[in-house]
Amino acid sequence: MSHIYDNIIIGGGPAGLAAALYGGRARMNTLVLERAKYGGQAATTSEMENYPGAIEGGTTELIERMRSQAEEFGAEFIKDEIVDMTLEGDVKTLVGRNGEYQGKTIIIATGANPRLGGFKNEIELRGKGISYCATCDADFFTELDVAVVGGGDSALDEALYLTKFAEKVTVIHRRDEFRANKAVQERVFANDKIDIIWDTVVDEAIDDDGIIGGLKLKNKKTGEESELEVQGCFVFVGFVPNSKLFEGKVEMNERGEIMSDTEMRTNIPGVFVAGDVREKTLRQVITACADGAIASTQSEHYVSNH
Ligand code: NAP
């Protein structure tokens, strides 16, 4: 364990891969640690129309190209899951299931996952009518009927966005008032394309030969069951940043998102953050890559000045 990397990136999604490319090109001795599959959340979608220059062959090929491009510039890739760490001091130590790694700087790029609605067939029909990202998928539902599950800012913001594409948007909320801010609520109430179903949860997404055929609903107050015919269902019930590992080690907000300045610096010198795990508003591949590029550039400045 005598080797000390200039830059260790935890997470091989778009943020981590972009950071690796910038690290490699800056002639930094760069290591990417990924516990499972490269690509993160992006790898769960097959098409990506909102990434400039997105290529035929879809997301899988795009991610592989990102990874091999970083490798060509010297970034090293190891599959391991980090379970503990020491981030203070000039040399940081990461403890993985398979070994220990030391670096002068660390970039946390562990991503986030959408919180699941928890209804039957949700996982099975993901990408087949069920989505967690209107910015990514709204276009596929042009002139179709869609549902939005949730009552927070994301659900209502995205419901409004979806009205630009869908024929009708039905918001399904488990209570009789929204959590979202009042301004967005007023816009939702005033929008003719939006219907609201209160006090109701989704029990099941109907599987119609491998695609969504509608939703089975249940009113929580009356117990009444009903069906809603939709061709799409967008679930916005919050998201979970993959930051548990860093609790007590770097500063986070109350939702567990890691705080940074605009240069991706955390409160710990030499520790940077990039992508969906950090506090930000737009969680997309393009913003993750931008974060990764900034974090790696700052990491290079940090190494040069220490
Ligand atoms: P959120 O504020 O936590 O709202 C989650 C919503 O989903 C709530 O309405 C909640 O219902 C509902 N919900 C949770 N679990 C559910 C389940 N299993 N089944 C059905 N419904 C469920 O999450 P968010 O909307 O993603 O926002 C996250 C944070 O980002 C918030 O602080 C938000 O203000 C912020 N944000 C801000 C903006 C903006 O300012 N434009 C945009 C997006 C997000 P209950 O209300 O009954 O708990």
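When a ligand or atom number is given, it counts from 1 through the structure's own listing order.
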* Asked: In terms of side-chain heavy atoms, does S304 have a donor or acceptor partner in E300 at a distance below 3.5 Å?
  -> yes
* Structure fact -> All heavy atoms of G213 vs all of E229, minimum pair found to be O-CG, 4.4 Å
* **Ionic contact status for R67 with E34, cut-off 4.0 Å** => no
* Find out if a path of hydrophobic residues (ILVMFWY) with successive side-chain heavy-atom gaps under 4.5 Å connects V148 to W198. => yes
* Asked: Based purely on interatomic distance, does N181 place a nitrogen or oxygen under 3.5 Å from a nitrogen or oxygen of ligand 1?
  -> no
* Find all atoms of ligand 1 within a distance of less than 4.0 Å from any non-hydrogen atom belonging to G117, and give their numbers and elements. => 18 (N)
* Are any of the N or O atoms of G152 closer than 3.5 Å to those of ligand 1? -> yes
* **Closest protein heavy atom to atom 27 (O) of ligand 1, given as residue, atom name and distance to 0.1 Å** => S154 OG, 3.6 Å
List the atom pairs, with distances to 0.1 Å, where a side-chain N or O of residues 164-180 and a protein N or O form a donor-acceptor pair under 3.5 Å, not counting sequence neighbours.
residue	atom	partner	partner atom	Å
K168	NZ	D195	OD2	3.4
H173	NE2	E177	O	2.9
D176	OD2	K221	NZ	3.3

* Asked: Should you measure from each heavy atom of R175, which atoms of ligand 1 turn up under 4.0 Å away?
  -> 45 (P), 46 (O), 47 (O)
* So is R115 polar-close to ligand 1, meaning N/O to N/O under 3.5 Å? -> no
* Taking the side chain as every heavy atom from C-beta outward, state whether V146 and F234 have any atom pair closer than 4.5 Å. => yes
* Structure fact -> For atom 23 (O) of ligand 1, the closest protein heavy atom turns out to be G238 CA, 3.6 Å
* Asked: How far is atom 9 (O) of ligand 1 from its nearest protein heavy atom, and which residue and atom name does that atom have?
  -> G151 N, 3.0 Å
* **Check: P241 and I258 side chains under 4.5 Å, non-hydrogen atoms** => no
* Could you find the nearest protein heavy atom to atom 30 (O) of ligand 1 and give me its residue, atom name and distance? => R255 CZ, 4.1 Å
* Asked: Taking only residues two or more places apart in sequence, or in another chain, which ones meet F239 in a ring pair (Phe, Tyr, Trp, His ring centres under 6.0 Å)?
  -> none
* Can you find an N or O of G150 that's nearer than 3.5 Å to an N or O of ligand 1? -> no
* Between K280 and D291, is a side-chain contact (heavy atoms from CB on, under 4.5 Å) present by the stated rule, with each step listed? -> CA-CA 10 Å; K280 65 192 296 190; D291 286 359; 2.9 Å; yes
* Taking atom CD1 of I212 and atom CG of L125, what is their separation to the nearest 0.5 Å? -> 6.0 Å
* Which residue and heavy atom of the protein sit nearest atom 15 (N) of ligand 1, plus the separation -> R174 NH1, 3.5 Å
* Asked: For ligand 1, which part of D157 has a heavy atom less than 4.0 Å away: the side chain, the backbone, both, or neither?
  -> side chain
* Any idea which protein heavy atom is nearest atom 48 (O) of ligand 1, and the distance to it? -> R179 NH2, 2.6 Å
* atom 7 (O) of ligand 1 [closest protein heavy-atom partner, distance rounded to 0.1 Å] -> V237 CA, 3.3 Å
* Shortest protein contact, atom 33 (C) of ligand 1 (heavy atom only) -> D153 OD2, 3.4 Å
